[in-house]
Participant: 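Sharing a structure here in structure tokens format.
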Amino acid sequence: MSSTEQHLRVTVAALMYATGEDQRTLAEGLGLSQSQISRKQTGHAAWSLTDLDRLAAHYGMTVIDLLRGADHAVSRLPDGRRAAAIGGVQTMLTA
């Protein structure tokens, strides 16, 4: 497994998290099955060049943005694609 493949899996996971998508939702958006997404995200199958084109279109960015890493890709998400609350519930500590 190449480091590029690992970086892409991390990027896809970060985009899913930032948009509030699960594998089923992403699969529907890409025209794949949830099990295909699972296999790609666990490294049991590779993301293809066609998949990259579909991922970029799905998230509203260029393929180059996807390949520049998770932080960059998340920063390139259109505002309407971001989840209302990223990371769940925040708690405030008081003294």
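All values derive from a computational prediction rather than experimental measurement.
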Participant: Provide the closest heavy-atom pair for Leu52 versus Leu66 in the form atom of the first, atom of the second, distance.
Facilitator: O-CD1, 3.6 Å
Participant: Considering only residues two or more places apart or on different chains, which pairs with a residue in residues 48-70 satisfy salt bridge (charged side-chain N to carboxylate O under 4.0 Å, His left out)?
Facilitator: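 For residues 48-70: Lys40-Asp51, Asp65-Arg76.
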Participant: So, taking the atom named OG in Ser33 and the one named CD in Gln23, what distance separates them when rounded to the nearest 0.5 Å?
Facilitator: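 The CD atom of Gln23 is 10.0 Å from OG of Ser33, to the nearest 0.5 Å.
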Participant: How close do Thr19 and Arg81 get, heavy atom to heavy atom, and via which atoms?
Facilitator: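 The pair with the smallest heavy-atom distance is CG2-O, 3.0 Å.
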Participant: Would you check if the side chain of Arg39 reaches a backbone N or O of His44 as a donor-acceptor pair within less than 3.5 Å?
Facilitator: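 Pair found, side chain donor or acceptor close to backbone of His44.
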Participant: Tell me whether Arg9 contacts the main-chain N or O of Trp47 through its side chain, where contact means a donor paired with an acceptor under 3.5 Å.
Facilitator: no
Participant: Is there a donor-acceptor pair under 3.5 Å between the side chain of Ser75 and the backbone N or O of His72?
Facilitator: yes
Participant: Holding to side chain to side chain donor-acceptor pair (under 3.5 Å), I want the full list of residues that pass it with Asp22, two or more places apart in sequence or in another chain.
Facilitator: Thr25
Participant: Looking at every heavy atom in both Tyr59 and Leu26, which two are closest together, and how far apart are they?
Facilitator: OH-CD1, 3.6 Å
Participant: Nearest heavy-atom pair of Leu77 and Ala18: which atoms, and what distance?
Facilitator: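 The answer is CD1-CB, 3.8 Å.
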Participant: Shared ILVMFWY cluster between Ile64 and Leu49, side chains joined below 4.5 angstrom?
Facilitator: no
Participant: For Ala70 and Ala14, work out which heavy atoms get closest and say how close.
Facilitator: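 So the two residues come closest at CB-CB, 3.8 Å.
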Participant: Might you point out which heavy atoms bring Gly20 and Ala83 nearest each other, and give the distance in Å?
Facilitator: N-CB, 3.8 Å
Participant: Could you tell me whether a side-chain N or O of Thr11 sits under 3.5 Å from a main-chain N or O of His7, the two making a donor and an acceptor?
Facilitator: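 Answer holds: yes.
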Participant: Between Leu55 and Val63, is there a shared hydrophobic cluster once you connect ILVMFWY residues whose side-chain heavy atoms come closer than 4.5 Å?
Facilitator: yes
